[in-house]
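Just so we're clear, the structure is a prediction, and the values are computed from it rather than from any experiment.
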Amino acid sequence: QFITQVDTGLPRPLPSDPRTEQLKLGYKAVVLLTPDEPNEALLSILSKKASIISKQIFDIFQDNSAGSFYHAYRILDTLLRCFPNDVYEGILADGNVTRRIESMLRYIGYAPVHDMFLVLIALTPLARNSQIYNSCALNRWSFLEQLREWSLLLRITEILVKPSDYCNTESYISAETHSTAAAQLMLDLIEKLSLEEIGEIFLRPLGHETIIIDLLITTAVDVTCDDNIRRSSSRLLCFLLRRAAEAEIVCIVNAQPGQQPQQTFIPNRLFPMRERIVLHIETRLNEIFKAVIQFKSNSDINSIETSTAIKYSGYQVDVPFTSLRATLVELIVLMVESDEAVATSMPVELWKELMSWSVKYAFNSIYHALFYRLIFSVLRQSQEQAQRIIFQKAKLASFLIDNYIPFPTNNADIPKKDADPLTIHRHAARGLLMNSLNAIRLQASCQPPTTFLRQFLASHQKWNEFLPILTNDTDIQQRFGMGITVTMTDNKPAHNVNSLSLLISEPKPEDGGIDHGSRFARSLGFYDETPYPNDHNSNDLDIQTRSKRKDSPSNSRQTSYDDFNIEEHAPWDFSYDDPEDTATYPVTSSPDDKFLLNKKSEDLDFTYHGKQYNNSHDVQHNDIPIEELYDDDDEDDEFDQLLVNNSNNDISANTTSTYDYNELDR
């Protein structure tokens with residue numbers, strides 16, 4: 001009673017209040033029961049009274065209590081360290097488990113209450129391999145099972161989205177603080193329980209019930225809701241996607257004194273719910289996209305009303321980016337990384353907005369990191385529909401090139417202090433623009449020439465003209481020490497070397513360059529990729545290489561396939577006036593020799609030596625079907641080649657089949 005102080009007629013003390021005599025008596029009682037080094041007599045008394053103390057300590061959460069939550073936390077933490085089984089027995093004895101937990105949730109915004117939840121549910125004070133931890137497994141299981149049946153995760157979510165309906169806001173703790181604390185409690189519980197066997201059952205509502213995900217999304221996109229509550233909701237959604245991403249979690253096991261800690265892999269109990277969580281969020285993606293496109297926050301409204309820009313040391317912004325917008329963008333990035341189909345559903349308006357923010361908020365490195373992850377995911381997933389949206393409709397390549405400012409070659413190119421804001425922002429965003437452009441270059445170079453990205457870039461005049469500038473600037477950026485001699489550090493084991501020395505160490509000869517296999521490529525996320533093996537040049541999109549091919553008389557290469565030759569031509573030039581309907585490809589050095597695929601009518605028409613062919617003909621060579629002539633056992637069996645060099649210098653083709661534009665290989 002000295003600690004709980006129920007029915008004393010006094011209010012609960014505030015941090016700024018003077019220390020009352022009752023509060024001092026409570027502190028003395030805590031010190032008496034929980035000394036740093038308890039003797040055997042005290043432990044004997046506590047072992048007999050642990051059940052009663054743990055049951056009555058929850059009286060401190062009554063509205064008529066004037067006790068300090070810090071005192072209750074110290075008592076509960078000590079009892080769980082020494083007698084966890086007795087603590088759970090006392091809480092379970094009278095069947096009022098849910099009533100006690102509900103009373104705790106009303107004060108979740110108070111600092112020690114969050115910690116009390118963790119020590120009680122996750123049993124954090126005890127090592128997982130200790131005997132005392134295993135001794136309370138049965139009672140702890142019963143305790144958690146009752147909380148699961150009571151839907152504890154849903155109760156915490158309801159407090160997160162509507163704290164004023166469930167929490168005590170009459171004191172100095174606001175509703176927004178309760179919401180933030182509830183979100184942090186959810187994060188900590190999921191993180192701790194995903195490592196335990198019981199966690200798979202306790203966390204099932206996150207994947208098998210849509211109500212929790214729906215509450216979080218509804219709150220995150222609601223512009224009428226407080227920014228802090230929206231941010232807490234979106235932050236929790238992001239954490240769920242990150243935590244459920246891997247099947248195993250890396251944990252560090254503390255070894256004996258004098259030994260190195262050991263790394264071990266523990267099954268992720270949240271991973272089985274990953275697919276369901278992603279599917280639940282996908283059903284509400286359009287609302288998330290709209291919330292980002294039409295983003296509004298309290299900070300935006302205040303900035304517009306006051307018409308004052310926020311000034312920093314070297315720049316200013318008219319409207320702050322806000323952490324809320326960053327978490328919403330991160331949610332989209334995590335969804336794209338989780339499911340390849342998400343990128344195809346992103347509207348063009350969203351892509352254009354995200355692209356414009358990369359320059360508008362050129363000094364926001366957090367957003368730049370998210371934007372690069374988004375571009376990198378779309379490139380690596382190789383989803384043609386998504387790449388068509390960002391390159392053809394959103395015009396990502398043109399945007400990056402237009403806003404990129406090359407490294408200055410003389411003093412006149414260095415921006416002045418009085419330069420216009422757009423120029424300053426473009427200079428500040430050069431790192432992101434360069435990395436994004438190089439990611440496109442590296443991804444294209446490791447793909448076959450028949451992929452959309454290779455064909456698109458090959459026909460993109462602005463890209464081909466800009467490519468030498470990009471490679472030159474990237475080479476300049478990668479020069480060790482910017483051309484200044486830097487003293488090298490000794491080669492030491494990685495765990496003994498300062499992290500900064502790893503960043504400034506001179507690359508090995510095999511790590512040099514800016515293509516695949518270089519340290520630069522690995523820094524962008526390209527670790528094991530190599531240039532496409534059929535390319536004679538490591539970068540088939542290099543403008544100088546393309547110019548040489550155009551200047552050659554045949555504009556083709558001869559490749560031997562067993563007993564016949566096939567002309568392998570340079571990358572085709574698309575005509576993108578109406579790319580969804582038709583596309584024209586040169587197939588010989590003669591301008592009159594070409595074929596045209598009409599996607600709408602699914603007809604294949606081509607001209608060779610002035611003669612027209614279409615799918616109404618069945619042309620054969622020496623009565624041998626073309627399928628047999630071209631049976632080279634590769635993946636291009638449906639439509640492998642159109643041209644064959646033979647003794648009669650004639651063409652053979654079987655064009656009775658129709659061909660899908662997206663699957664056309666040659």
* Looking only at atom types and distance, does a side-chain atom of Tyr88 sit under 3.5 Å from a main-chain N or O of Leu120, one as donor and one as acceptor? -> yes
* salt bridge (Lys or Arg N to Asp or Glu O under 4.0 Å) contacts touching residues 94-105 (sequence neighbours left out) -> Asp94-Arg100
Please table the atom pairs, donor to acceptor, closer than 3.5 Å between any side-chain atom in residues 162-169 and protein atoms at least two apart or in another chain.
from	atom 1	to	atom 2	distance (Å)
Asn168	OD1	Glu170	N	3.0
Asn168	ND2	Tyr107	OH	3.1

* **Check against side chain to side chain donor-acceptor pair (under 3.5 Å), Thr98 and Gln146** => CA-CA 8 Å; Thr98 57; Gln146 290 194 32; over 6 Å; no
Residues 210-220, side-chain donor-acceptor partners within the protein, below 3.5 Å, at least two apart:
from	atom 1	to	atom 2	distance (Å)
Asp214	OD1	Arg284	NH1	3.2
Thr218	OG1	Asp214	O	2.7
Thr218	OG1	Arg284	NH2	3.0
Thr219	OG1	Leu215	O	2.8

* With sequence neighbours excluded, what pairs up with Arg373 under the salt bridge (Lys or Arg N to Asp or Glu O under 4.0 Å) test? -> Glu337
* To do: Inspect the contact between Arg148 and Glu145 and indicate whether a charged nitrogen and a carboxylate oxygen are less than 4.0 angstrom apart.
  => yes
* Pair Ser358, His368: side-chain N/O donor-acceptor within cut-off below 3.5 Å -> no
* Asked: Is the backbone of Val336 close enough, under 3.5 Å, to the side chain of Gln381 for a donor and an acceptor to pair up by distance?
  -> yes
* Do the non-hydrogen side-chain atoms of Phe271 and Glu246 ever get within less than 4.5 Å of each other? -> no
* Any donor-acceptor N or O pair under 3.5 Å, side chains Ser174, Thr177 -> yes
* Asked: What residues, two or more places apart in sequence or in another chain, satisfy salt bridge (Lys or Arg N to Asp or Glu O under 4.0 Å) together with Asp77?
  -> Arg81
* What about Tyr361 and Tyr367, are their ring centers closer than 6.0 Å? -> no
* To do: Among residues two or more places apart or on two chains, list those pairs meeting salt bridge (Lys or Arg N to Asp or Glu O under 4.0 Å) that have a residue in residues 103-130.
  => Asp63-Arg106, Arg128-Glu196
* Side-chain donor-acceptor pair present, Ser323, Arg231, cut-off under 3.5 Å -> yes
* **Spacing of CD belonging to Glu200 relative to CG belonging to Leu193, to within rounding of 0.5 Å** => 12.5 Å
* Identified ring pair (Phe, Tyr, Trp, His ring centres under 6.0 Å) counterpart of Phe69 within the set Phe58, Phe117, Tyr110 -> Tyr110
* Pro84 to Cys136 - nearest heavy-atom pair and separation -> CB-SG, 3.8 Å
* **Aromatic centroids of Phe526 and Phe376 separated by under 6.0 Å** => yes
* Asked: Just by distance, with hydrogens left out, do Thr344 and Gln383 show a side-chain donor and acceptor under 3.5 Å apart?
  -> no
* **Between His114 and Asp188: side-chain donor-acceptor atoms closer than 3.5 Å** => yes
* Residues Tyr532 and Arg454: side-chain donor-acceptor under 3.5 angstrom -> no
* Asked: Just checking, any donor-acceptor pair under 3.5 angstrom between side chains of Asn438 and Thr474?
  -> yes
